[in-house]
**Student:** 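Would you mind keeping the following structure in view while I ask a few things?
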Amino acid sequence: QVQLVESGGGLVQAGGSLRLSCAASGRTFSTYAMGWFRQAPGKERELVAHIRWSSGNTYYADSAKGRFTISRDNAKNTMYLEINSLRPEDTAVYYCAAGTNSASSYYTAARYNYWGQGTQVTVSS
C-alpha cells in the first residue's frame, strides 16, 4: 500500500514558476517509478514526466521539455515537479502516480497503480 499526497498548486500569473510536491508513504520501498500527469477539463489525462526511483533517470513528454523539471528525494520519499514560464495552457489538475510493478517502461497511466488526489494549477493570462 502506497499513499500519495500532492501539494503546491495554486493560481499564478503567466510567466511565473511553481513547484509541486508529492509525498509518498506506506510501502514505498517497492516503488520502481513515479510520474506526474495532468488533466484539463474535457481532455484526457496525459503524462508530463516520470522518474525511475532508484537511478533518477527521467523522461519528459514533448509538451513538457524545456520548462518542466522532475526530481526526487529518496530519503524523504518525495517527488517534485518544477514548472517555469507558466502558460495558460498549463492549467490543469496535476496528479502524482507511483508504479510498484516492474515494467520495461512507464509511459502510460496503466503502468501506475497508486494515485494522489491531484492539485489544481491555474495560470492566468
**Student:** Looking at residues at least two apart in the chain, or sitting in another chain, which of them share a side-chain hydrogen bond (donor to acceptor under 3.5 Å, both in side chains) with Arg111?
**Tutor:**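 Partners of Arg111 under the side-chain hydrogen bond (donor to acceptor under 3.5 Å, both in side chains) test: none.
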**Student:** Ser102: which residues meet the side chain to side chain contact (heavy atoms under 4.5 Å, CB included) condition with it, sequence neighbours left out?
**Tutor:** Tyr32
**Student:** Run the numbers on Val123 and Arg87 for side chain to side chain contact (heavy atoms under 4.5 Å, CB included), then give the verdict.
**Tutor:** CA-CA 6 Å; Val123 184; Arg87 304 167 180 171; 5.5 Å; no
**Student:** Could you state whether Trp53 and Tyr112 fall into the same hydrophobic cluster, counting links through intermediate Ile, Leu, Val, Met, Phe, Trp or Tyr residues with side-chain heavy atoms under 4.5 angstrom apart?
**Tutor:** no
**Student:** What residues, two or more places apart in sequence or in another chain, satisfy ring pair (Phe, Tyr, Trp, His ring centres under 6.0 Å) together with Tyr59?
**Tutor:** His50, Tyr107
**Student:** Identify the two heavy atoms, one from Val48 and one from Phe68, that lie closest to each other, and give their separation to 0.1 Å.
**Tutor:** CG1-CD2, 3.6 Å
**Student:** Measure across Val2 and Thr100 and return the closest heavy-atom pair with its distance rounded to 0.1 Å.
**Tutor:**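 Here Val2 and Thr100 meet closest at CG2-CG2, 4.1 Å.
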**Student:** Please table the atom pairs, donor to acceptor, closer than 3.5 Å between any side-chain atom in residues 19-31 and protein atoms at least two apart or in another chain.
**Tutor:**
from	atom 1	to	atom 2	distance (Å)
Ser25	OG	Gln3	OE1	3.4
Thr28	OG1	Asn77	ND2	3.3
Thr31	OG1	Thr28	O	3.1

**Student:** Just grab all the disulfide (SG to SG under 2.5 Å) pairs involving residues 26-89, residues at least two apart or on different chains.
**Tutor:** none
**Student:** Kindly write out the residues that satisfy side-chain hydrogen bond (donor to acceptor under 3.5 Å, both in side chains) with Gln1, not counting sequence neighbours, or none if the list is empty.
**Tutor:** none
**Student:** I'd like to check the side-chain hydrogen bond (donor to acceptor under 3.5 Å, both in side chains) partners of Ser54; sequence neighbours left out, ordered by chain and number.
**Tutor:**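 Listed in chain order: nothing, the list is empty.
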**Student:** Are Leu18 and Tyr95 grouped together when hydrophobic residues (ILVMFWY) are joined by side-chain heavy atoms under 4.5 angstrom apart?
**Tutor:**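 Shared cluster, no.
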**Student:** Mind checking side chain to side chain contact (heavy atoms under 4.5 Å, CB included) for Asn101 and listing every partner two or more places apart, or none if nothing turns up?
**Tutor:** Asn113
**Student:** For Ser125 and Ala14, which heavy atoms make the closest approach, and how far apart are they?
**Tutor:**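 Closest heavy-atom pair between Ser125 and Ala14: CA-CB, 4.4 Å.
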**Student:** Might you work through the side chain to side chain contact (heavy atoms under 4.5 Å, CB included) test for Tyr60 and Thr69, ending with a clear yes or no?
**Tutor:** CA-CA 8 Å; Tyr60 295 92; Thr69 302; 3.9 Å; yes
**Student:** Between the side chain of Glu6 and the main-chain N/O of Gln117, is any donor-acceptor distance below 3.5 Å?
**Tutor:**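 It does hold such a pair.
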**Student:** Would a single hydrophobic cluster contain both Val93 and Leu86, if residues Ile, Leu, Val, Met, Phe, Trp and Tyr are joined by side-chain heavy-atom contacts under 4.5 Å?
**Tutor:**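 As far as the 4.5 Å side-chain criterion goes, Val93 and Leu86 are not connected within one cluster.
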**Student:** Quick one: does Arg67's side chain have a donor or acceptor within less than 3.5 Å of a partner on Ile83's backbone?
**Tutor:**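 Flag not set: sc Arg67 to bb Ile83 has no pair under 3.5 Å.
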**Student:** Quick one: list whatever passes side chain to side chain contact (heavy atoms under 4.5 Å, CB included) with Gln13, sequence neighbours left out.
**Tutor:**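 In terms of side chain to side chain contact (heavy atoms under 4.5 Å, CB included), with neighbours along the sequence ignored, Gln13 is linked to Ser124.
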**Student:** Just distance, no hydrogens or angles: give the donor-acceptor pairs under 3.5 Å from side chains in residues 33-41, sequence neighbours left out.
**Tutor:**
from	atom 1	to	atom 2	distance (Å)
Trp36	NE1	Tyr80	O	3.4
Arg38	NE	Glu46	OE2	2.8
Arg38	NH1	Asp90	OD1	3.1
Arg38	NH1	Tyr94	OH	3.0
Arg38	NH2	Glu46	OE2	3.3
Gln39	OE1	Arg45	NE	3.4
Gln39	OE1	Arg45	NH2	3.4
Gln39	NE2	Lys43	O	3.1

**Student:** Could you tell me which residues satisfy salt bridge (Lys or Arg N to Asp or Glu O under 4.0 Å) with Asp62, sequence neighbours excluded, listed by chain and number?
**Tutor:**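 For Asp62, the residues satisfying salt bridge (Lys or Arg N to Asp or Glu O under 4.0 Å) (neighbours in sequence not counted) are Lys65.
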**Student:** Side-chain heavy atoms nearer than 4.5 Å, only ILVMFWY residues, links allowed to pass through others: does that put Val121 and Met79 together?
**Tutor:** yes
**Student:** Taking only residues two or more places apart in sequence or in another chain, which ones pass side chain to side chain contact (heavy atoms under 4.5 Å, CB included) with Ser55?
**Tutor:**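 With neighbours one apart ignored, the set is Arg52, Asn57.
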